[in-house]
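Chain A is the first sequence line, chain B the second, and so forth, proteins listed ahead of strands; every chain is numbered from 1.
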Amino acid sequence: MRREDLIEATVAILTKAETTLSPWVMAMIKEAAEKESNPIARSQLEAILENVDIASSEGVPLCQDTGLPVFHLEIGRDIRVPPFLEEAMAEGVRRATKTIPLRPNAVDPLTRKNTSDNTGRGMPDLIIDLVPGDALRITAFPKGAGSENASFLSMLNPADDPLDYVAQEVAKRAGRACAPVFVGVGIGGTFDLAPRLAKRALFNMPGYSDLELDLLSRINEIGPGPMGLGGMATALAVKIETNLCHTASLPVAVNLQCWANRSATATVRDEGWNID
Amino acid sequence: MEHRLKTPITKEDVLALRAGDLVWISGTVYTARDKVHALFRSGKELPVDLAGAVIYHCGPLIRNDVVLSAGPTTSGRVARYTKDVVSRGARLIVGKGGISEESEALRGKAAYLAYPGGCGALAARHLRVKKLHLPDLGMAEGLWELEAFDLGPMIVATDSFGDDLYREAKRSKKEIKKT
């Protein structure tokens, strides 16, 4: 695998993710706009659709919060992981910060000093899964602070109803998370595993199980609608990931994603790379 | 009702706005996030006069003085400074997500407008850079003086009479559920 390929692929998927939305995400927002009877709510959804059109045609970031650089790496078990993997991806983020451009968002949590290029300790964030195959798949998943700040984790009592808890909390928080939102739910595991399940739920969006559709309609029954201003669409989709947990525990985590569910994927092999 | 306002915003302009109305703004708009709001509270002298001003909760993406993307940031983070902003004379606060818990600070003096969250590319078409004050704070946190051209439509989410769409949205869903 060539270092330059990895850098180019990183820049390419960040550019696509920041300036366009996946067709399935657009279709969900369009459908929500058509169903909406509240005129204020409809105006918010129509503004979103117009905004994405402008961003795509002008090649500019659709939201000024270009997020923190989060990547999902699916590493084929048959590849030799290059020693420059993390370094090349950081270089890709630095280049993308200049070329797209991205807003420099990454700061030291205590001094609040900005590194100016979206990289540094822990950034980019690489979330790694091992998969069958001889390729490396990289998905850029830039994460803005509005929806990240509204995400949450709770160690519930096993006697509690986790789905009711999630519906109530999401309804309370979605207005500040740029609703309509995508709701990634992680149930089970340990204290730190539940939020990782919630994050992976966002990678595996949307969910269509009975449980997921039921939670979605519960959220939309009580939620405050687009941008919290009233209306029907508080959430567009729910995905639930579960793991076993301790018999005495019930960890529940929710990673919220604003309507700008930005992602793009590339496949990198020894002989080159291509965008999916 | 629809309102096309020009800065500076007068008290009469504000009193004519009711929750649910639509607003377009032309004139000067100042961006302010967490760090600038802390300065508003500090009582220090600032390079801008907020009398009749529009404060935009926004950390824009700007390159070579061209606004590329400039939607609103979450107002909840700076809601606690509403009183400071209003007492410096600001008449309109633009953001997303609301400042419901501080809406009393607006009463009789100012209003809160919601711009659709995440719509940075759309907003950028209606904004030009006039000047960056406090550049040491960086691109997102700096105090940008922007010229707005028919920026909108924004929704009057919290008016100067205490009506608040966010509170209303929570209440109306509960009422529907009960019936």
Side-chain angles (χ1 to χ4, degrees), chain A residues 18-19 38-41 43-48 50-58 60-66 98 100-105 107 112-114 116 144-147 149-150 171-172 174-179 220-231 234 258-260, chain B residues 19-22 31 34-35 58-64 66-77 79 95-100 114-125 127 137-141 152-157 164-174 176-177:
Chain A
E18 294 282 1
T19 58
N38 176 323
I40 289 175
S43 76
Q44 303 299 295
L45 296 168
E46 282 165 358
I48 288 169
E50 187 187 351
N51 179 66
V52 178
D53 283 345
I54 293 170
S56 311
S57 63
E58 294 184 3
V60 298
L62 48 99
C63 180
Q64 77 291 335
D65 185 353
T66 50
K98 282 189 194 146
I100 298 174
L102 303 177
R103 197 177 67 182
N105 287 328
V107 305
R112 310 305 292 180
K113 190 175 158 29
N114 198 312
S116 301
S147 58
N149 286 347
K172 221 184 285 172
R176 287 182 177 176
C178 282
N220 285 330
E221 261 169 39
I222 57 174
M227 303 296 160
L229 291 165
T234 298
C258 61
W259 64 260
Chain B
D21 287 358
L22 301 181
T31 70
D34 311 54
K35 287 183 180 172
C58 169
L61 173 63
I62 289 172
R63 176 161 64 181
N64 302 332
V66 176
V67 185
L68 297 179
S69 198
T73 193
T74 309
S75 299
R77 287 200 323 279
K96 73 170 175 86
I99 49 167
S100 300
Y115 191 87
C119 293
L122 181 63
R125 282 198 162 178
L127 292 166
L137 298 182
M139 187 197 294
E141 294 286 341
M154 298 173 237
I155 313 283
V156 179
D164 180 50
L165 292 186
Y166 300 101
R167 214 167 46 222
E168 193 57 36
K170 281 180 188 158
R171 197 166 45 213
S172 58
K173 280 278 175 93
K174 272 185 202 150
I176 292 165
K177 215 188 164 189

Original post:
Can you tell if the side chain of A/Q44 reaches within under 4.5 Å of the side chain of B/I155, non-hydrogen atoms only?
Top reply: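 Counting from C-beta outward, A/Q44 and B/I155 do come under 4.5 Å.
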Heavy-atom proximity to chain B below 4.5 Å, by part of [X]:
{"X": "A/T234", "answer": "side chain"}
{"X": "A/K113", "answer": "neither"}
{"X": "A/A47", "answer": "both"}
{"X": "A/L45", "answer": "neither"}
{"X": "A/N149", "answer": "side chain"}
{"X": "A/S116", "answer": "neither"}

Item to complete: Determine the minimum heavy-atom distance between A/I100 and A/P61, stating which atoms define it.
Response: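 Taking every non-hydrogen atom into account, CG2-CG, 3.9 Å.
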query = How far apart are the closest heavy atoms of A/P101 and B/L68, and which atoms are they?
reply =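 Scanning both residues, the minimum pair turns out to be CD-CD1, 3.3 Å.
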Sidechain N-carboxylate O distance under 4.0 Å for B/R125, A/E58:
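A salt bridge is present here (some side-chain N lies under 4.0 Å from a carboxylate O).
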At a 4.5 Å cut-off on heavy atoms, which part of [X] comes close to chain A: side chain, backbone, both, or neither?
{"X": "B/R167", "answer": "neither"}
{"X": "B/A114", "answer": "side chain"}
{"X": "B/P72", "answer": "backbone"}

| Do any N or O atoms from the side chain of A/N51 and from the backbone of B/G118 form a donor-acceptor pair under 3.5 angstrom? |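 Pair found, side chain donor or acceptor close to backbone of B/G118.
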- prompt: How would you list, by chain and number, every residue that makes a salt bridge (charged side-chain N to carboxylate O under 4.0 Å, His left out) with B/D34, sequence neighbours excluded?
  reply: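 Salt bridge (charged side-chain N to carboxylate O under 4.0 Å, His left out) check on B/D34 returns B/R77.
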In terms of heavy-atom pairs under 4.5 Å, which option from B/G97, B/A140, B/G98, B/G71 contacts chain A the most?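 Maximum pair count with chain A is reached by B/G71.
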Review point. Highest number of heavy-atom pairs under 4.5 Å with chain B: which of A/P224, A/C178, A/G228, A/G175?
Key: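 Among A/P224, A/C178, A/G228, A/G175, the one with the most close pairs to chain B is A/G228.
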**Request:** Pick whichever of A/V60, A/L229, A/T66 has the most heavy-atom pairs under 4.5 Å with chain B.
**Result:**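 Greatest number of close heavy-atom pairs with chain B: A/L229.
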Review point. Of all residues at least two apart in sequence or in a different chain, which pass the side-chain hydrogen bond (donor to acceptor under 3.5 Å, both in side chains) check with B/T74?
Key: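 Result, side-chain hydrogen bond (donor to acceptor under 3.5 Å, both in side chains) vs B/T74: B/K96.
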Practice task
Check step by step if side chain to side chain contact (heavy atoms under 4.5 Å, CB included) holds for A/M227 and A/W259.
Solution key: CA-CA 10 Å; A/M227 303 296 160; A/W259 64 260; 3.7 Å; yes
